[in-house]
Amino acid sequence: MSVEGAGPKAVIIGMPGSGKTQVGRLAATITDLPFKDSDHEVERRAGRSIANIIEQDGEPRFRRVERQVVCRLLKSFDGGLLALSGGSPMTTDIYEELMDYRGRGGCIIYLDADPQEASARVARNSRRSLLARDPHERWKQLHHERAPIYESLATTTLPSHGSTPEAMAQSLAEALYERVVHISGAHPYDVRIGPGVSSRLRFLLGSQAVRVALIHTRSVQRHADHARALLRQAGYRVSEITIPDAEAGKTLQVADKTWDRLAQDGFTRSDAVVGVGGGAVADLAGFVAASWMQGIAYVNCPTSLLAMVDASAGGKSAINTAHGKNLIGAFRAPEGVLADLKTLKTLPREAFVEGLGETAKCGFIMDRSILSLLDDHADQLRAFTGEEPASWIEAVPAELIERSATVKARYVSVDMDETGPREFLSYGHTLGHAIEQVEHYTWRHGQAVAVGMVFAAELSRILGRCDQELVDLHRELLGRLGLKTAWSGGPWEKVLDAMRRDKKARGDRLRFVILEGVGRPVHLDDPPEQALREAFERIQE
Ligand SMILES: NC(=O)c1ccc[n+]([C@@H]2O[C@H](COP(=O)([O-])OP(=O)(O)OC[C@H]3O[C@@H](n4cnc5c(N)ncnc54)[C@H](O)[C@@H]3O)[C@@H](O)[C@H]2O)c1
Ligand SMILES: O=C(O)C(=O)C[C@@H](O)[C@H](O)[C@H](O)COP(=O)(O)O
C-alpha cells in the first residue's frame, strides 16, 4: 500500500498501554523506516513533559498543540512510522486529517490491546496522568468511547492479546507491505495480499473457535505445516485433513469423508475451517464450511495464482458430479482471505500460467489496466519459475492479484448470490467448464476458460456485437501468456449437452456472457445454434 502524495508509510493508533511506541520502534528497526511518536514530538516542541503541559495549561491546551503537531506530521513525515497518542484521533481535526490520509491510500494500523494487559501496563506507568486515578476503570471507560473511532479509521487491526512486542512488530512490519481489497455486503471481509500475511490467521479466526479443520492437498504440505504451527501457537485444536489434488478433491466422496472427520473430532457451530491450497481446495473447504451444521466460519489461504485472483474470494464454493462441473455448491462468505505471496515460490509454472487465464478474464470484463499489465510483463509471467525476486512478485503478480480481486469484489459486494451482474465473472466459463468435463478434468481450469473466452469473443463477433479487433486481442494476449486459444475436442453434441448444465442456463435456453468491448460485458440469451456451431468451428486447432 502506498499513500498518494506526502505522508507517513503508516500511522499507529490504539489505546494507552497497547504498545504503540514500543511496537512501532521495533517495526521501524525491522523495516528500516524512520519512527516518530506524536507525544514525544509534542514534548519536544513544548520543551516540557505532557504531564506538565496538562497540569499547568490544562488538557484543551495540550490537545491544541497536539493537533498542530499531528496534522503537520500527517502531511510531512514522508515514508515514516508515526505512533499517535491514544486520545489524538478523538480530536475532530485530527480525525478528519486521518480520514483524508486514509482516503489517499494511507495505512492506519490499530493495535487492539487486551484490556487486562494494557490497563496493567498503564497502571505501572505514572506518567500517564489522564489515567492516574483508578487506571483499570478509567481505561475501560475510555476504551468504550474510543474503540469505535479507532475501528472506523483502521485499515488494519492487529489484536495484541498474548503476543510479545516482537511478534506484534513483525506482524506490523508485514502489514505495511500488504495490499487489501475489501469485500462489502451482508458479511464484509478483506482479501489481504502480501508476503507473510498468513500470520494473520489467528486474528481472523478470533476466540470463538476451539477446533480448526486445516484442509489442504499434499502438494502444499509445507504451507499447511506453517498454518498448523500458527494455529497451534494460537491455542486451537487442529484437525489436519489432506484431500486429493485438484479436481479429484472436489467430489461428494471427499466432502463426505471431511464431514465424517468433523463429526469424529467434535466440530460444533462455533468451530472453523481453514483451506490452504489452490482453487480446488478453496472450493472443497468453502463447501464443507458452508454445509457443516448449515454453515461455520472459514478462512481461505490461497496458494495458487488462480486461487488468489479469483477462487478464494467471493464465498462461492462448489464440487463436481458425474454430470458436470461445479453442479453442487453454496454461497457463504469467508471470514477473510490471506493471499500469502511467499507460497507462490513453490507453485509450478503450468499452474501459475493457468492463473493468468482468470486474471485476463478480470481485465476483459472490467479493468483494461490488467490487460496492459499482462501485456507489458507477458514474457516474464509465462516463464514464471518461483525463483523470481520478491521485489518482482510484490510488484507485478501482487498488482495483478489486487486488481483482479478488486474486480471480483465489485461484483460480489453487490450480488453475492449471483442473481445478476456477478454472472459476468463467469465470462468464458460456459464452454470452459464443458471442455473440462469432456476432457475428464485433464485440462486446467484457467486454460479451459481461456479457450472459452476466445469462443465467447467469436460468438459476439458472429452476432455483430463486437469487432474483429476484440477477437484478435483475445487470441494475441492469451497466446502470449502461454494460454490455449483453441481446442479440437468434441463432438459438438456432447459439448452442447454439457453447456446446457451451465448455471446461467434457464429452462431450455442457453445463456452466455459476451463482450461488446473491453469492460462491456452483457448477457446473451438463447443464441441461435448455428452461431454457436460457427464459433465452435473457429476455435478448432
Ligand atoms: N469458487 C470460485 O469462485 C472459483 C473461481 C475460480 C476457480 N475456481 C475453481 O478453482 C479450481 C482451479 O484452481 P487452481 O488453478 O488453483 O487449481 P488447483 O487447486 O487444482 O491447483 C493447481 C495445481 O497447483 C497445485 N498447487 C497449488 N498451490 C501450490 C503451491 N503453492 N505450491 C505447489 N503446488 C501448488 C495444486 O496442488 C494443483 O496441483 C477449479 O476447480 C475451479 O473450478 C473456483
Ligand atoms: O465467483 C464467481 O461468481 C465466478 O463465476 C468465478 C469463476 O471464475 C469461477 O470459475 C466459478 O467457480 C464459476 O462458477 P459457476 O457457478 O459458473 O460454476
Side-chain angles (χ1 to χ4, degrees), residues 183 216-224 226 242-251 275-287 290 300-320 324-332 334 337 339-362 365 386 404-405 407-409 411-412 415-430 432-434 436-437 441 443-449 452-453 499 501-505 511-513:
I183 301 199
H216 66 89
T217 50
R218 218 25 100 224
S219 58
V220 296
Q221 187 65 53
R222 155 177 171 187
H223 309 306
H226 179 57
T242 310
I243 62 167
D245 199 43
E247 299 301 309
K250 279 178 56 171
T251 65
V276 176
V281 169
D283 265 344
L284 188 277
F287 178 62
N300 274 336
C301 298
T303 61
S304 71
L305 179 67
L306 192 143
M308 291 182 187
V309 298
D310 191 345
S312 60
K316 185 199 252 189
S317 60
I319 56 172
N320 310 326
K325 169 104 181 171
N326 287 355
L327 289 184
I328 297 178
F331 291 105
R332 183 182 177 86
V337 176
D340 191 332
L341 297 174
K342 288 184 185 167
T343 64
L344 290 178
K345 275 198 162 310
T346 59
L347 185 67
R349 176 180 301 143
E350 319 82 71
F352 182 88
V353 167
E354 169 202 12
L356 299 172
E358 292 280 25
T359 311
K361 173 199 78 183
C362 294
I365 61 172
S404 303
V407 170
K408 183 137 192 181
Y411 289 118
V412 171
D415 185 21
M416 167 72 174
D417 299 337
E418 201 173 14
T419 53
R422 181 173 183 162
E423 283 189 334
F424 293 153
L425 287 168
S426 71
Y427 179 55
H429 284 61
T430 315
H433 281 169
E436 288 186 80
Q437 190 193 345
Y441 302 104
W443 267 53
R444 289 187 182 279
H445 177 70
Q447 293 283 5
V449 168
M453 289 192 287
M499 290 202 296
R501 280 187 292 281
D502 175 59
K503 288 189 276 324
K504 291 185 291 305
R511 286 169 69 247
F512 288 82
V513 174

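One-based numbering, in listed order, for ligands and for the atoms of each. Excluded from the calculations below are hydrogen atoms, water molecules and symmetry mates; all remaining heavy atoms, backbone and side chain alike, are included.
- The closest approach between Lys408 and ligand 1 falls below 4.0 Å for a heavy atom of the residue.
- Among protein heavy atoms, atom 35 (C) of ligand 1 sits closest to Leu347 CD1, 3.7 Å.
- Salt bridge Arg444/Glu436: absent, no basic N to carboxylate O contact under 4.0 Å.
- Some N or O of Gly279 is nearer than 3.5 Å to an N or O of ligand 1, by distance alone.
- Residue Arg444 places a heavy atom less than 4.0 Å from ligand 1.
- Contact annotation for Asp310 and ligand 2: only side-chain heavy atoms (C-beta onward) come within less than 4.0 Å of the ligand.
- Annotation: atom 9 (C) of ligand 1 to nearest protein heavy atom, Asp283 OD2, 3.4 Å.
- In Lys408, the part holding a heavy atom less than 4.0 Å from any atom of ligand 2 is the side chain.
- For atom 37 (O) of ligand 1, the candidate residues are Ile243, Asp245, Thr217; the nearest heavy-atom contact is made by Asp245.
- Below 3.5 Å of separation, one finds no N or O of Gly277 facing any N or O of ligand 1.
- On a distance-only criterion, Lys250 and ligand 1 share at least one N/O pair closer than 3.5 Å.
- Of the N or O atoms in Arg422, none lie within a sub-3.5 Å distance of an N or O in ligand 1.
- Not a single donor-acceptor pair under 3.5 Å links the side chain of Ser426 to the backbone N or O of His429.
- Residue contacts with ligand 2 include His445, since one or more of its heavy atoms lies under 4.0 Å from the ligand.
- At distances below 3.5 Å, at least one donor-acceptor pair connects side-chain atoms of Lys503 with backbone N or O atoms of Asn326.
- The residues Asp502 and Lys504 are annotated as salt-bridged, a charged nitrogen and a carboxylate oxygen being separated by less than 4.0 angstrom.
- Under a 4.0 Å criterion applied to the non-hydrogen atoms of Val220, ligand 1 contributes the atoms 28 (N), 29 (C), 30 (C), 35 (C).
- At a 3.5 angstrom cut-off on N or O pairs, His433 does not count as close to ligand 1.
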Would you check, one step at a time, whether the test salt bridge (Lys or Arg N to Asp or Glu O under 4.0 Å) holds for Asp310 with Lys361? CA-CA 10 Å; Asp310 191 345; Lys361 173 199 78 183; 2.9 Å; yes

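- The closest protein non-hydrogen atom to atom 8 (N) of ligand 1 is Ala311 CB, 3.6 Å.
- Using a 4.0 angstrom heavy-atom cutoff, Arg218 does not count as in contact with ligand 1.
- For Gly446, the closest heavy-atom approach to ligand 1 does not fall below 4.0 Å.
- Using a non-hydrogen distance threshold of 4.0 Å, Lys504 does not register as a contact of ligand 2.
- Residue-to-ligand polar distances place Lys325 within reach of ligand 1: an N/O pair is separated by less than 3.5 Å.
- Using a 4.0 angstrom heavy-atom cutoff, Lys325 does not count as in contact with ligand 2.
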